[in-house]
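In what follows, every heavy atom counts, from backbone to side chain, and hydrogens, waters and symmetry copies are set aside.
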Amino acid sequence: MPKKFYITTPVYYVNDVPHIGHTYTTVAADVLARWHRALGEETFFLTGTDEHGAKIETKAREMKIAPRKYADEISTKFKQAWRELNISHDNFLRTTDPAHVKAVQNALQQMYDKGDIYLGKYEGLYCRGCEQYKSERDLADGLCPDHLLAPEKMSEECYTFRLSKYQDKLLKLIKNNKLKILPVNRKNEIVNFIEDQGLEDVSFSRKNVGWGIPIPWDKAHTIYVWADAFLNYLTGLGWDGTNAPTPLSKGGAGGLKFWPPTAQLMSKDILRVHATIWQAMLLSLGLPLSRTLFVHGYFLVDGQKMSKSLGNVIAPDELVKKYGVDASRYLLMSATVFGRDGDIGWKKFDEKYNADLANGLGNLVSRVANLVEKNKLELKLSGFARSGVARKIGSDKKLIKAYRESMENFKFDQALKLLWQKLRDSDEILSDKKPWKLEDKKAVKKILAPVAQNILNAAGLLEPFMPEVSQKIINQFSAKQIAKGEPLFPRI
RNA sequence: CGCGGGGUAGAGCAGUUGGCAGCUCGCCAGGCCCAUAACCUGGAGGUCGGGGGUUCAAAUCCCCCCCCCGCAACCA
């Protein structure tokens, strides 16, 4: 039975159009999904949009359209962005999808029946203008920024999840890496948090939010957005919320064939809830926990936090328009160390595009293809003619091993550096041996064949990052008679 | 004493199971002239934030201090 690989991005909240941060997570997930498919593993890649909640309700009201319509519009933008970026997700889950809604209700009913959800109280600061609770962070000088009112302390009844019940179990599972949290400093952060502050029960429903999934046993309440959102990782596989835990023991029926997720990617702001509430929900439902939560950092744009007010937000379509699909993917993945904050910006992207893609990969491909074509050589290259895994990833075992190791550790920048080292080696060989000076075709061939082979091997391993360019190069260099062709990356 | 990240060549960054300090861009000199005015070689440029300690050996481990930046759960 082939190995299974299930990877997720968060469902993106539709309070905003896609930006480079969403794009980063999604491209990274896509790179991993493509790589594991190339390895012959059975792979499922899930992404989607999170569409319920008070914020969306308010936003739609401001725009004088129905929440549903608003969510449709933004969700479509995410879909378009991922199509443009050649994202190979197997499902795009919307939390407004009727099947998801039903499954969430079923799941909460299970948790309620088990006694893990009870009627409790929520206390918070309520703004009468907004008719909403506000967090302290929403306030400016203690006032609601929209209405300039001081919010009042209010409380209301709400259904509450017994998160505290699972604290010790969770802590143990995190500590012994049954639930892996990477990079390791993030794990430490969560362990410290749980040990220092402990886990309190959290509210799972609201009374005054209409745009949400009704609590099945009490329709006056709607399900709080994150309980709704987390379950996408299950419903995105086709789970209906009723049949856990038995399906697993019976070979993975009920849509849970891919469960549990091999890797869940996210940015650091949502790690805490993923490592606690989400995993506790799984414990409550009797399902295995995620294997790995991988937390990547934020992009800073020219040293500053990306924000609307600074006007430095980069959108995916801007990126694609300027550099093309594959180059955009490359720039995102090579820009910083995955797992840390990193500084990006147009200037940096331009530089990297020219250095690595135009002058590096693109130029080398032209250079070699041209030399082969001029000499009318027929190179018999290997690596993509055979069957099986090697057909997709080439024949350079040493390179594959190192690359594989980098990918397993989410070190995308390192994986790419390995490939680029091969390219640089090839340029060096050419400058050194000067095949363009030689008359003897056999001698020329002897020089060019290994160089072309290097390119072909690198191209195979490049597929997860640059699927189209990879295919182009493979086609070009697998041809009986290699021809020069158009530049892959025109200089900027 | 809230938690965490960062401070390495002019700029941007890699490098922590300790072992001659590296990459990209820029600058200087040379080579090549096949290739997208691309490519290759060499050079200048660093007390690896500061101080102390461990060690034959520290950017890397330990302690103290300074500076910058995130996060601090009902906010997805």
Side-chain angles (χ1 to χ4, degrees), chain A residues 10-16 49-56 95 122-124 133-138 158 160-161 163 183 185-186 188-193 196-197 199-206 224-230 266-277 297-298 300 302-305 334-337 339-345 347-348 350-352 354-375 413-414 417 420-421 424 426-432 434-438 444 448 484 486-492:
Chain A
V11 271
Y12 302 113
Y13 204 48
V14 293
N15 65 343
D16 202 2
T49 42
D50 180 12
E51 308 184 4
H52 290 125
K55 250 187 194 166
I56 305 304
T95 58
Y122 168 71
E123 278 187 359
Y133 285 95
K134 295 275 163 183
S135 71
E136 287 195 23
R137 224 163 80 173
D138 290 332
C158 69
T160 305
F161 174 51
L163 179 59
N185 59 296
R186 296 294 172 196
N188 297 337
E189 221 173 292
I190 293 296
V191 167
N192 287 342
F193 165 69
D196 293 353
Q197 300 184 38
L199 298 178
E200 290 168 18
D201 293 351
V202 293
S203 69
F204 258 26
S205 80
R206 278 301 148 77
Y224 195 76
V225 264
W226 60 29
D228 168 0
F230 287 140
M266 66 198 67
S267 65
K268 57 187 178 180
D269 52 338
I270 54 173
L271 167 65
R272 186 174 283 184
V273 288
H274 271 81
T276 55
I277 302 173
Y298 278 147
L300 300 173
D302 298 320
Q304 286 186 301
K305 201 174 161 175
S334 65
T336 70
V337 177
R340 282 205 212 159
D341 289 354
D343 196 27
I344 56 157
K347 192 174 160 230
K348 198 172 174 179
D350 283 354
E351 254 179 45
K352 224 162 157 43
N354 278 335
D356 296 354
L357 299 178
N359 300 348
L361 177 60
N363 181 59
L364 178 65
V365 166
S366 298
R367 196 181 189 190
V368 174
N370 181 58
L371 285 168
V372 175
E373 187 180 17
K374 271 190 182 163
N375 284 284
D413 60 316
Q414 219 173 60
K417 268 188 195 135
W420 256 256
Q421 189 53 54
R424 233 172 282 124
S426 303
D427 267 322
E428 194 182 332
I429 291 169
L430 292 177
S431 296
D432 196 37
K434 304 183 179 52
W436 52 89
K437 277 192 162 173
L438 302 177
V444 174
L448 292 183
K484 193 179 165 188
E486 290 297 303
L488 293 172
F489 304 102
R491 277 181 66 89
I492 286 182

**Study point:** Among C74(B), A73(B), G4(B), the nucleotide that comes nearest once only the side chain of Glu189(A) is considered
**Key:**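 Nearest listed nucleotide: G4(B).
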
Whole Å only: how far is the [atom1] atom of [X] from the [atom2] atom of [N]?
X: Tyr298(A); N: G6(B); atom1: OH; atom2: P; result: 18 Å
X: Lys437(A); N: G31(B); atom1: NZ; atom2: C1'; result: 10 Å
X: Leu300(A); N: C69(B); atom1: CG; atom2: P; result: 11 Å
X: Ile190(A); N: A73(B); atom1: CD1; atom2: C1'; result: 10 Å
X: Lys352(A); N: C23(B); atom1: NZ; atom2: C1'; result: 9 Å
X: Phe193(A); N: C3(B); atom1: CZ; atom2: C1'; result: 11 Å
X: His274(A); N: A73(B); atom1: NE2; atom2: C1'; result: 14 Å
X: Asp356(A); N: C25(B); atom1: CG; atom2: P; result: 8 Å

Quantified in whole Å, what is the [atom1] atom distance between nucleotide [N] and nucleotide [M]?
N: A29(B); M: G45(B); atom1: C1'; value: 15 Å
N: U60(B); M: G18(B); atom1: C1'; value: 6 Å
N: C69(B); M: C74(B); atom1: C1'; value: 27 Å
N: U47(B); M: A59(B); atom1: C1'; value: 12 Å
N: G2(B); M: G15(B); atom1: C1'; value: 31 Å
N: G50(B); M: G12(B); atom1: C1'; value: 24 Å
N: G46(B); M: A11(B); atom1: C1'; value: 14 Å
N: G5(B); M: C63(B); atom1: P; value: 13 Å

Can you tell me the base-pairing partner of [N]? Count Watson-Crick or G-U wobble geometry only, both distances below 3.5 Å, and say none if there is no partner.
N: G4(B); value: C69(B)
N: G46(B); value: none
N: A57(B); value: none
N: C13(B); value: G22(B)
N: A29(B); value: U41(B)

Residue pair [X] / [Y], side-chain heavy-atom distance below 4.5 Å:
X: Val202(A); Y: Tyr224(A); answer: no
X: Phe193(A); Y: Leu199(A); answer: yes
X: Trp420(A); Y: Leu361(A); answer: yes
X: Tyr12(A); Y: Pro10(A); answer: yes
X: Trp226(A); Y: Asp50(A); answer: no
X: Leu430(A); Y: Val368(A); answer: yes
X: Pro183(A); Y: Arg186(A); answer: yes

Residue-phosphate contact under 4.0 Å: [X] side-chain N/O, [N] OP1/OP2:
X: Tyr224(A); N: A76(B); value: yes
X: Asn192(A); N: G2(B); value: no
X: Lys268(A); N: G70(B); value: no

Practice item. Take nucleotides 11-21 of chain B nucleotide by nucleotide from the 5' end and write B, S or -, depending on whether a protein heavy atom sits under 4.0 Å from the base, only from the sugar-phosphate, or from neither. Key: -SSSS------

Revision key, fill the gap. Expected string for nucleotides 34-41 of chain B under the B/S/- scheme (protein heavy atoms, under 4.0 Å, primed atoms plus P, OP1, OP2 as sugar-phosphate) is BBB-SBSS

Point to revise | Ion pair check, Lys348(A) and Glu351(A), cut-off under 4.0 Å | key: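 Between Glu351(A) and Lys348(A) there is no salt bridge, as every charged N stays at least 4.0 Å from the carboxylate O atoms.
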
Review point. Can any side-chain N or O of Asp341(A) pair as donor or acceptor with the backbone N or O of Tyr298(A) at less than 3.5 Å?
Key: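 Yes; at least one donor-acceptor contact below 3.5 Å.
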
Check your understanding: Is Asp201(A) touching bases, backbone alone, or none of the nucleic acid, heavy atoms closer than 4.0 Å?
Key ->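 Since a base atom lies under 4.0 Å of Asp201(A), the category is base.
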
Point to revise | Sugar-phosphate only, base, or nothing, as touched by Phe204(A) at under 4.0 Å among non-hydrogen atoms | key: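 The residue Phe204(A) makes no contact with any strand.
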
Exercise for review: Specify the residue among Pro10(A) and Thr276(A) whose closest nucleotide of RNA chain B lies further upstream toward the 5′ end.
Suggested key: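 Checking each residue's closest nucleotide, the 5'-ward one belongs to Thr276(A).
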
Point to revise | RNA chain B: 5'-proximal contact among Asp269(A) and Ile277(A) (nearest heavy atom) | key: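 Result: Ile277(A).
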
Exercise for review: Report the relative orientation of the aromatic rings in Phe161(A) and Phe204(A); use parallel for angles under 30°, tilted for 30 to 60°, perpendicular for over 60°.
Suggested key: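 Because their plane-to-plane angle is under 30°, the rings of Phe161(A) and Phe204(A) count as parallel.
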
Point to revise | Closest contact, heavy atoms only, Tyr13(A) versus Ile56(A) | key: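 Residues Tyr13(A) and Ile56(A), closest heavy atoms: OH-CG1, 3.5 Å.
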
Check your understanding: Leu364(A) and side chain to side chain contact (heavy atoms under 4.5 Å, CB included): which partner among Leu488(A), Asn359(A), Asp427(A)?
Key ->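 Only one option passes, and that is Asp427(A).
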
